[in-house]
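Only a predicted model underlies this, so the values are computations on that prediction, with no experimental measurement involved. Every number for a ligand or one of its atoms is a count from 1 in the order of the listing.
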Amino acid sequence: MDWDTLMDEMSSGSIPALSRLITHVEDRSPGWREVMRRLYPRVRHVPTVGITGYPGSGKSTLTGQLARELAGRGKSVGIIAIDPSSHLTGGAFLGDRIRMNALSGLEGVYIRSMGSRGAVGGIHPAARDVIKILDAFGKDTILVETVGVGQDEIDVTRAAQVVVLVCAPGQGDAIQYLKAGVMEMADIYVANKIDLPEAEKMLNNLRGMLMPGESGRHPHPPIVETQAEKGIGIAELADAIAKRVATGPSREAWRRRSAEEDVASLMRERLAELAAWPGTGAADVDGALEDLLAGRTDPYALADDILARSLVRMLEKHRS
Ligand SMILES: Nc1nc2c(ncn2[C@@H]2O[C@H](COP(=O)(O)OP(=O)(O)OP(=O)(O)O)[C@@H](O)[C@H]2O)c(=O)[nH]1
Ligand SMILES: [Mg+2]
């Protein structure tokens, strides 16, 4: 792997080099950490917007329209579509790809899909790196579309500065979101598909749930009404995002939270490598199991012992 050439080409704006670099980092090809370390000083911590919501609520349509709107405002946009089926045959995503492809000619818009599952579950740990790569590449705003409601959504809030929750009529949405704990986390609520008959009911539900008394949040987070298919309400959404970036937690607070999560996420990934014992990645602790079976140790002591020894060995290997 000639990382140097790839980095040079990427620095001079080559999209194919950017894509290849992302692939290698996503695959955790040998040397990826060193490349990220070299790239890190160039990360500017541009606004990252997480777009989440119930399947079919219109996230992809909205993401595409938002990218178009931002591009129209002279911004270069990076889109990461977290794709649950990237290792399967990807039925659902095919539709997304087509919708997103409508954007591919747009100046400055770069789209990347990636699998949703990392070794530790949740949003793929490489998603955080891909955000950084796009940032260092010069993107002004990064949009991350996630799928489903659950842990991924909880995780995306750790990767995104602004979280947008997309709702649509007739999905029993309120209850689902509340259960998943996602409702409380969003900074901006989108009521999409306002052209549908049940839209008024959805809006009332949303307003009810976001009442200051209910959520305890002041000020009441904005609800933006959209018809993503027709591009209606998209400018208002872009404005709401810009406003949130300007008036939400300070850039310094965001950087601190983000840096903390970077370290925690990398530590979790390392620990997951170790936890794969006795598989690959962990030290083979000779005879450990024999000692255990023969009653010379117990699983409680052995787990700590292996963890300590494996960690030392792993870090020594990476330092050398
Ligand atoms: N009526 C109506 N339909 C819409 C609107 N926006 C999107 N849709 C349709 O809703 C369907 C789902 O849209 P997507 O953008 O794929 O939704 P998604 O949330 O990305 O779906 P998944 O990624 O599969 O979870 C598509 O058929 C869209 O054309 C809207 O404003 N009004
Ligand atoms: Mg989608």
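- The distance from the Mg ion (ligand 2) to the nearest N/O/S atom of Thr61 is not under 2.8 Å.
- Only the side chain of Asn192 comes within contact range of ligand 1, with a heavy atom under 4.0 Å; no backbone atom does.
- The atom of Glu145 that is an N, O or S and sits closest to the Mg ion (ligand 2) is OE2.
- For a threshold of 3.5 Å applied to N or O pairs, the pair formed by Leu62 and ligand 1 contains no separation below that value.
- With 3.5 Å as the limit, one finds no donor-acceptor pair spanning the side chains of Thr297 and Asp291.
- For Thr63, no heavy-atom contact with ligand 1 is shorter than 4.0 Å.
- With salt bridges taken as basic N to acidic carboxylate O contacts below 4.0 Å, none links Arg309 and Asp304.
- Counting only non-hydrogen atoms, the option in Gln227, Glu145, Lys193, Gln65 that gets closest to atom 8 (N) of ligand 1 is Lys193.
- Using a 4.0 Å cut-off between a side-chain N of Lys or Arg and a carboxylate O of Asp or Glu, Arg73 and Asp239 qualify as a salt bridge.
- Using modelled atom types and a 3.5 Å distance limit, the side chains of Ser19 and Tyr110 yield a donor-acceptor pair.
- Arg28 has a carboxylate O that lies under 4.0 Å from a charged side-chain N of Asp129, or vice versa, which qualifies the two as a salt bridge.
- Distances from atom 20 (O) of ligand 1 to the heavy atoms of Ala81, Gly53, Ser60 put Ser60 nearest.
- Interface of Pro55 with ligand 1, defined as ligand atoms under 4.0 Å from a residue heavy atom, comprises 25 (O).
- Ion pairing between Arg112 and Glu26 holds under the 4.0 Å rule for side-chain N and carboxylate O.
- Residue nearest to atom 21 (O) of ligand 1, selected from Gly56, Gly231, Gly64: Gly56 (by heavy-atom distance).
- Residue contacts with ligand 1, taken as heavy atom pairs separated by less than 4.0 Å, involve Asp195 solely via side-chain atoms from C-beta onward.
- Side chain of Asp187 to main chain of Val163: a donor-acceptor pair is present (N/O by atom type, distance under 3.5 Å, no hydrogens or angles).
- Every N/O-N/O distance between Ile194 and ligand 1 stays at or above 3.5 Å.
- Contact check on Lys230 versus Asp195 returns no salt bridge, with no Lys/Arg side-chain nitrogen under 4.0 Å from an Asp/Glu carboxylate oxygen.
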